[in-house]
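In what follows, a single structure is set out as C-alpha cells and then discussed.
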Amino acid sequence: MTAPDISVILPTFNERENIQILIPKIESILKSHSFEIIIVDDNSPDKTWEIGEELKTSRKNLVILRRMEGKGLSSAVLAGMSLAQGKVFLVMDADLQHDETILPKLILPLLENKFDITVGTRYSIGGGTSNWSWFRKFFSLIATWIAKLFLSISITDPMSGFFGISRSYFLKTADQINPRGFKILLEFLHRSAFAPRILEIPFLFKNRQFGKTKLDGSVIRNYLIALLDLRFGKWISPTFLLYSLVGSFGVLVNLVGLLIGELLSFPEIQTSFRFLNPFYSSVLFGIELSILSNFTLNNYLTFYEKRYTGIRILQGLILFHLVCLLGLLIQISVFQFLYHKIFVYELQSSSLPIKLVSDSLAILAAMITNYFLNLNVTWKGSKD
Ligand code: GDD
Ligand code: MN
C-alpha cells in the first residue's frame, strides 16, 4: 500500500459512542483524498478500542493503537504521529466537538506546502465556543493570553487541540517535544528552532453529546507547569518556580495582613522574651495569613496531584506550619552565622548592605530547604 497523503490522528479516552459517528463523517469529507485514520486509545474502560477494531473490519485505512501503558493526551498524539504515514498529520478531538467540515481547509494548505502548521481556532472572526460556562470561557481566555505573553506566540488560539502539521515540520521538531507537556500544539509552536508558517481557520467548538471531558482541576496546575517548563525548563524545575511564585505572592499577603491588623488596631503583646517586646500581633496575623494562603495555593496548584482533601487538610496544615517554623529557625541561624561569625568577626565588616546580603542568603537557604521538605514530607510522593 502506498503511503496516504493525510493521517488523521484521533486520541480517544472513553469515546465509544463518538467515534462510531465521527469516522464516517471524516470519511465522507475526505473521500476524494488518500488518507488514513489513526485512533490512539489509552485502553479506555468503555472499550473504545473494541469499537475501533469493529470499524476496522470493513476498512483498510484505519489503524487502532491500544496503549496499555502510559496515558495522556500529548503522548497519545505523539504516538499517533510516530505511526502516521501521511505527508500531512491532522489532530482532532474524537468527541465531535471539533467541526470536521473544516478539515479540507486545514489540510490542503499543508499539502500544497504553503504552511507548516494550520490551527482550528475558536477566537478569531467566525470561530467561537458554544454555551461554555463563564468560568471556562474566562479560564480559556486568560490561559491563551498568558501563553501569548509568555511565549510570544502570536496566534489567536494556541491552546487548540485541532490542528494540522506537515510531516517535514514534525520530523524537524519531534525530538524537542516534551511528551508529558500539556499542550502539544504549544510544544510544536514553541520548541522549534525556526518559526513555522502558520494558518488559522476559525470554527465553532461544539458541545459534547456523549461522554464527558477529561480535563479536570489539574489542568490549571499542569498548564502553568507546562508554560514554566517551556519558558525556563532548561534552567530550573518548573515545580520549584511555581512554588516560588506562590511564595512571592505570600509576601504580599503577609504585608496585607499586617496592614489589616494595623487598621483594626490589633493589640501589642508583651511576651516573656524581652527582645520580642513590644510584639505587634498584626505582624503575627500577617505571617499566619501568608502561611494559610501559601498552603492553599501549594495544595491546589504546586502539588495538585498530591493534594490534601477533606479532613486531611488539617494534617497538611500542621505539617506545613512545622516546616514554616523550621524555615524560620534556619533563616535566623544562617543569618546569625553569616552576619556575626563571617562578616563581623572574620571580615570585620558590618553595615546595612552586609545585613541585607546575609539575610538574602539566609532566606534562600530557608526557602530551598523548605521546598524540599514540602516536596518530600508535606506533599510526600509528589511526582515532580
Ligand atoms: N488517548 C488519550 N489519552 N486520549 C485522551 C486523553 C488521554 O489521556 N485525554 C483526553 N483524550 C481525548 C478525548 O477522548 C478527546 O477525544 C480529546 O482527547 C479531547 O479531550 P476532552 O476531554 O474532550 O477535552 P476538552 O474538550 O475538555 O478540551 C478540548 O478543548 C481544549 C481547549 O479548551 C481539547 O481540544 C483540548 O485539546 C483543548 O485544549
Ligand atoms: Mn472535548
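Just follow the structure's listing: the first ligand is 1, and inside any ligand the first atom is 1.
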task = Kindly identify the option in Thr12, Val91, Asp93 whose heavy atom sits closest to atom 20 (O) of ligand 1.
result = Asp93
message = the Mn ion (ligand 2) and Asp93: any N/O/S contact shorter than 2.8 Å?
response = no
query = With atoms numbered from 1 as shown, which atoms in ligand 1 lie under 4.0 angstrom from a non-hydrogen atom of Gly72?
reply = 3 (N), 7 (C), 8 (O)
ask   = Do Ser7 and Glu36 have side-chain atoms, one donor and one acceptor, less than 3.5 Å apart?
value = yes
key: Metal check, the Mn ion (ligand 2) vs Gln97 N/O/S, cut-off below 2.8 Å   = yes
request  = Determine, step by step, whether Asp116 and Arg197 satisfy the salt bridge (Lys or Arg N to Asp or Glu O under 4.0 Å) criterion, reporting the C-alpha distance in whole Å, the side-chain angles of both residues, the deciding distance to 0.1 Å, and the verdict.
outcome  = CA-CA 5 Å; Asp116 301 304; Arg197 297 166 297 167; 3.1 Å; yes
Options Gln97, Lys71, Arg208, Lys206, ranked by nearest heavy atom to atom 21 (P) of ligand 1, top entry = Arg208
task = Please confirm whether Glu15 comes within less than 3.5 Å of ligand 1 when only nitrogen or oxygen atoms on both sides are compared.
result = yes
task = List every atom of ligand 1 that sits less than 4.0 Å from any heavy atom of Ala76, numbering the atoms from 1 in the order shown and giving each element.
result = 1 (N), 2 (C)
query = Are any of the heavy atoms in Phe205 under 4.0 Å away from ligand 1?
reply = yes
ask   = Are any of the N/O atoms in Ala94 less than 3.5 Å from those in ligand 1?
value = yes
ask   = Looking at Pro11, which atoms of ligand 1 are within less than 4.0 Å of one of its heavy atoms?
value = 4 (N), 12 (C), 13 (C), 14 (O), 15 (C), 16 (O), 18 (O)
ask   = Hey, does His190 have a side-chain heavy atom less than 4.5 Å from the side chain of Pro158?
value = no
Plane angle bin for Phe335 and Tyr339 - parallel if under 30°, tilted between 30 and 60°, otherwise perpendicular = parallel
key: Connected via hydrophobic side-chain network under 4.5 Å: Phe320 and Ile363   = no
note = Per-atom filter on ligand 1: closer than 4.0 angstrom to a heavy atom of Lys183 are 36 (C), 37 (O), 38 (C), 39 (O)
task = Write the atom name of the N, O or S atom in Asp95 that is nearest the Mn ion (ligand 2).
result = OD2
ask   = Below 4.0 Å from any atom of ligand 1, is there a heavy atom belonging to Arg122?
value = yes
task = Could you tell me whether the side chain of Met81 reaches within less than 4.5 Å of the side chain of Phe188, counting heavy atoms only?
result = yes
remark   = Under 4.0 Å from one or more heavy atoms of Asp95, ligand 1 contributes atoms 23 (O), 26 (O)
request  = May I ask whether His98 places a heavy atom under 4.0 Å from ligand 1?
outcome  = yes
inquiry  = Other residues, nucleotides and ligands only: do more than 12 of their heavy atoms fall within 6.0 Å of CG on Leu263?
reply    = yes
message = Under a plain distance cut-off of 3.5 Å, with no hydrogens placed, do Thr296 and Asn299 share a side-chain donor-acceptor pair?
response = no
key: Asp93 and Thr12, any side-chain heavy atoms less than 4.5 Å apart   = no
inquiry  = Which label fits Phe203 and Phe205: parallel for a plane angle under 30°, tilted from 30 to 60°, or perpendicular past 60°?
reply    = tilted
request  = For ligand 1, indicate whether the residue Leu73 contacts it via side chain, backbone, both or neither (heavy-atom separation under 4.0 Å).
outcome  = both
